Amino acid sequence: MDYNFNEIEPKWQNYWREQHTYRCSNDSDKPHFYVLDMFPYPSGAGLHVGHPLGYIASDIFARYKRLQGFNVLHPMGYDAYGLPAEQYAIQTGQHPAITTEKNIARYREQLDKIGFSFDWEREVRTCDPDYYRWTQWTFIQLFNHYYDTDLDKAMPISHLVEQLEKGEVETLAEKSWADMSEAERQEYLMKNFRLAYLADIPVNWCPELGTVLANDEVVNGLSVRGGHPVERKLMRQWSLRITAYAQRLLDGLNEVDWTDSLKEIQRNWIGRSEGAAVWFPLAVDQKSNMVPGAQAYMGQSSPVEEPSFEIFTTRPDTIFGVTFMVLCPEHEMIDQITTPEQRAEVEAYVTWAKNRSERERQSEVKKVSGVFTGAFAINPLTNERIPIWVSDYVLAGYGTGAIMAVPAHDSRDFAFARHFNLPIRQVVAANPDEVSDPATWSESLDSKEGYAVNSGFVTGMKVKDAMKAVIEKIDAMGIGHKTVNFRLRDAIFSRQRYWGEPFPIYYKNNCPYTIPEKCLPLCLPEITDFKPTATGEPPLGHATVWAWDEEHECVVENSKIDGVKVFPLELSTMPGFAGSSGYYMRYMDPTNNEEYFSQKASQYWQNVDLYVGGAEHGTGHLIYSRFWNKFLYDLGLCPKQEPFQKLVNQGMIQGRSNFVYRSKENNNLFISKNVPGREEKTVPIHVDINIVTNDILDLDKFRAWRPEFAEATFELEDGKYVCGWEVEKMSKSMFNVQNPDDLVARYGADTLRLYEMFLGPVEQAKPWDTNGIEGVFRFLKKFWKLFETRADKPAEKPELKILHQTIKKITDDIERFSFNTSVSTFMICANDLGALGSVSSEVLEQLAILIAPFAPHIAEELYHQLGHETSVCDAKWPVYDPAMLVQDSFKYPVSFNGKMRLMLELPNGISQDEAIAAVKADALAQKWLDGKEPKRVVFVPNKIINIVL
RNA sequence: GCUCUGGUGGUGGAAUGGUAGACACGAGGGACUUAAAAUCCCUUGUCCGCAAGGACGUGUGGGUUCAAGUCCCACCCGGAGUACCA
């Protein structure tokens with residue numbers, strides 16, 4: 001009987017489904033292991049071959065762990081809320097829930113065909129009310145907690161209020177808690193403490209999508225989805241105070257087993273920088289003899305008596321080189337300090353800067369712009385008067401939005417000073433005596449290596465010592481202190497869209513209140529128009545039943561809103577990352593209706609042992625999830641600080657496009673790639689990879705492909721049309737999308753699984769290329785044949801040796817996540833065993849178990865053919881016997897390193913030559929090499945002889 | 001600019017510091033077949049040689065080592081992330 005995958009694959013898929021082979025229990029004496037894939041967004045296009053790559057790798061690992069006796073949690077679900085379904089709804093009127101349901105069904109069908117070992121009874125969908133009630137629940141907890149910097153964890157907001165009421169802590173604001181009105185108190189808690197808070201913040205507004213986007217959803221001033229321009233806009237939005245966790249998010253990276261590159265991406269995104277906060281006093285205006293803005297402006301929470309403002313610098317050592325100050329255009333002090341003469345110019349600049357699009361601002365980074373306010377500050381260490389400027393190279397969102405400019409030692413300040421002809425003063429030099437005139441410089445000296453010069457009391461010190469000394473000095477003077485700044489921003493959590501989780505929030509007197517937890521889930525209301533309303537409100541503004549009856553604790557019609565008992569509900573919805581931030585915990589206990597997940601379940605599973613997914617989530621999902629997890633940890637729900645212990649990034653699969661070459665003179669003539677002179681005569685045209693095999697074009701299929709090619713004629717080489725190829729993004733428009741279903745139909749799921757692994761290391765990005773799939777298919781046929789021709793006899797030494805080499809290699813490979821070499825190992829094994837003639841059932845049974853993680857269908861079938869009644873999944877992973885790998889005993893102490901190479905320690909009193917001769921003689925006498933001499937015997941120092949066999 | 005990656009045959013890629021190019025594709029040759037498909041065998045880094053054999057070879061230049069694709073330093077070229085972050 002031939003290898004007939006069409007028959008065996010559906011057979012075993014049905015068997016697994018009926019027997020619940022992959023059902024996983026929370027109640028087990030076995031050790032636990034949690035293998036997780038990043039769940040997919042079910043798009044309309046279905047799966048392409050890139051999606052299953054990571055799933056196959058994690059499935060191999062999950063199956064391997066099961067065979068090793070672990071209780072393995074290996075679930076799958078859908079990140080079902082998202083923009084494409086909503087945009088499709090706007091275009092067609094089709095409700096996103098329907099589109100999503102359809103896409104999920106298609107995904108499931110495709111996934112099932114590949115033979116994954118998911119426990120589908122644990123499936124979660126982010127758009128399912130039984131799931132998102134816990135997303136909403138977490139939001140309520142975030143709203144009701146603050147970050148206590150002393151305890152270094154989230155605490156209930158009531159704890160803080162209690163302390164404020166008792167006077168144990170003072171407010172940061174000017175008013176004391178007792179003097180505040182209720183509204184002021186709520187605003188105070190909201191602005192400074194709640195981990196989920198509503199605030200007027202500059203946001204990324206995308207007019208095209210009609211919504212706000214998070215920082216990681218914007219690249220180069222364009223939206224990641226769709227590439228539409230994004231503007232800066234001040235809006236009242238929900239945010240998550242993720243910055244409170246910045247330090248812990250950074251520290252946690254040392255605890256996890258991730259790649260250095262991904263940890264680095266996160267470190268950069270969090271962007272910790274150490275420096276100093278310094279308050280610069282404002283100078284007396286010489287005309288009016290008054291400090292500008294003195295009455296109106298006192299630096300908030302300033303430690304200094306006189307009017308002053310705070311700056312952040314990483315180079316406090318350069319404070320003697322400050323020649324001007326710069327404020328960002330949004331700085332609230334500008335209006336108060338600008339002198340009458342400068343006012344018109346400053347206002348014009350601020351207006352211009354604010355209206356500039358993000359895109360313009362970023363593309364014109366090198367263009368220097370700015371304006372003088374007319375006001376001056378005092379350098380607290382030198383008492384010099386220094387001018388205050390406004391420029392948009394200072395950003396509102398970082399530090400305090402104000403800087404001290406040291407043009408000699410900062411390239412941006414340098415460019416600004418040159419442009420506006422401001423003084424430049426050298427205060428750092430590579431050597432203490434190497435001082436030159438900055439007017440002759442072509443660039444600033446930014447290096448931190450060197451010595452302070454012209455710098456008062458720190459002159460002559462190394463830069464690092466000068467930093468310390470200056471910080472100590474300003475600290476002693478009470479005008480500043482050492483501080484840390486993070487680049488990480490709070491995560492904007494509102495989206496002006498329909499297809500997302502509703503906020504469990506209603507508004508009483510414009511003040512947000514959470515709906516009671518027992519009323520969750522707050523279900524997404526039905527609407528039919530998915531566009532923003534005429535008044536510019538989010539789509540939920542169309543809902544007619546979207547008001548909160550506080551008394552009856554239920555959702556009622558909008559018409560009942562009276563502002564006394566019935567109130568409007570929040571109209572925006574949560575972003576995509578809300579649902580994906582905690583889904584891995586929900587898999588542990590997916591049907592629990594009392595809690596997010598039970599303590600019993602979370603205590604058993606702890607956290608994800610292995611997480612597989614793309615690195616493109618480095619600054620999004622993987623940061624938000626870690627934050628979410630740390631918050632739940634603070635609440636005592638998650639047992640571990642870090643959600644994902646080990647993380648493997650599968651490389652992106654790129655497309656491999658094929659080209660035909662159309663003659664420039666004759667539109668119907670196509671010239672084969674290697675015909676001499678072709679390049680000048682032709683233009684390349686994308687051709688569907690499905691009508692090309694091993695870069696050879698199927699001429700008939702090409703003529704049939706599109707009407708315009710029906711009359712095509714060809715100039716061939718060796719009777720064939722050879723296509724060109726190039727690596728590009730996998731996309732429909734380049735005709736290079738490979739659908740896994742087609743390959744499953746042609747070669748079977750096992751071949752697809754093996755081939756995707758064989759393609760190269762899982763972590764590496766690589767183009768999809770079907771050219772080698774035949775080789776893997778041939779291997780499986782060969783493997784099948786080994787079983788067909790098996791012998792019922794005891795296993796003999798040569799086959800056992802091959803078997804045990806294979807066991808060792810495969811086990812090592814899986815542990816190292818090196819699945820491409822595993823496939824090679826199987827091929828070598830099959831070739832070697834094939835050469836022996838007929839193989840014993842005993843050895844074949846072990847082989848079936850070994851290959852089960854990779855090619856589960858064929859393994860299952862062969863395992864049963866050997867007479868087993870149970871699934872191969874219940875078998876035990878073989879353990880290799882080292883004795884099998886060494887042919888015979890040696891008279892020297894020997895270590896075998898797994899390759900055909902021996903290391904042995906030389907007994908005392910033997911010379912090198914004697915030892916080498918003895919080893920060679922032994923090899924011959926004991927037939928280590930079937931009677932051949934070792935290829936090479938090398939003597940190396942420290943008494944080790946290295947024998948290459 | 002900064003950070004992280006990677007650079008090995010015609011191609012995808014192997015190689016705990018220890019025979020560089022495993023395994024596979026492609027290519028060439030052969031067997032079986034009326035033929036095709038399928039299957040099997042041989043050759044396949046480059047150069048010299050009829051051959052035995054020899055020389056050269058992992059982006060470039062240095063270094064460490066008995067031994068370097070692998071470790072260190074500098075440079076060149078790809079890919080990714082990030083970017084007026086003070």
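This structure is a prediction, so every number in the text was calculated from the model and none was measured. Chain identifiers are assigned alphabetically (A, B, ...) following the order of the sequence lines, protein sequences preceding nucleic acid strands; residue numbering begins at 1 within each chain.
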Classify the nucleic acid contact of A:L759 as base, sugar-phosphate or nothing, counting any heavy atom under 4.0 Å across all strands shown. sugar-phosphate
Hey, does A:T259 reach any base, or is it just sugar-phosphate, or nothing, if we go heavy atoms under 4.0 Å? nothing
Find the partner of [N]: check Watson-Crick (N1-N3 plus N6-O4 or O6-N4) and G-U wobble (N1-O2, O6-N3) distances, both under 3.5 Å, and reply none if neither fits.
N: B:rA20; result: none
N: B:rU58; result: none
N: B:rU3; result: B:rA80
N: B:rG26; result: B:rU44

Could you tell me whether A:D812 and A:K808 have a side-chain N and a carboxylate O separated by less than 4.0 Å? yes
Does the pair A:E788/A:K785 count as a salt bridge with the N-to-O cut at 4.0 Å? no
Closest heavy-atom pair and its distance - A:T751, A:F777: OG1-CD1, 3.4 Å
Pull out every protein N or O sitting under 3.5 Å from an N or O of nucleotides 24-27 of chain B, one pair per line with the distance.
residue, atom, partner, partner atom, Å
B:rA24, OP1, A:N831, ND2, 3.4
B:rC25, OP1, A:R778, NH1, 2.4
B:rC25, O2', A:N771, O, 3.2
B:rG26, OP1, A:N694, ND2, 3.2

Should A:V428 and A:T318 count as side-chain neighbours, where that means a heavy-atom distance under 4.5 Å? yes
Does some side-chain heavy atom of A:I386 sit less than 4.5 Å from a side-chain heavy atom of A:F280? yes
Distance below 4.0 Å between A:Q764 side-chain N/O and B:rG13 OP1 or OP2: yes
So, OP1 or OP2 of B:rC4: does either fall under 4.0 Å of a side-chain N or O from A:K263? no
Nearest to the side chain of A:W269 - B:rC84, B:rA83, B:rA22? B:rA83
When rounded to the nearest Å, what value does the distance between C1' atoms of B:rG59 and B:rU8 take? 10 Å
With sequence neighbours excluded, residues passing side-chain hydrogen bond (donor to acceptor under 3.5 Å, both in side chains) with A:E616: none
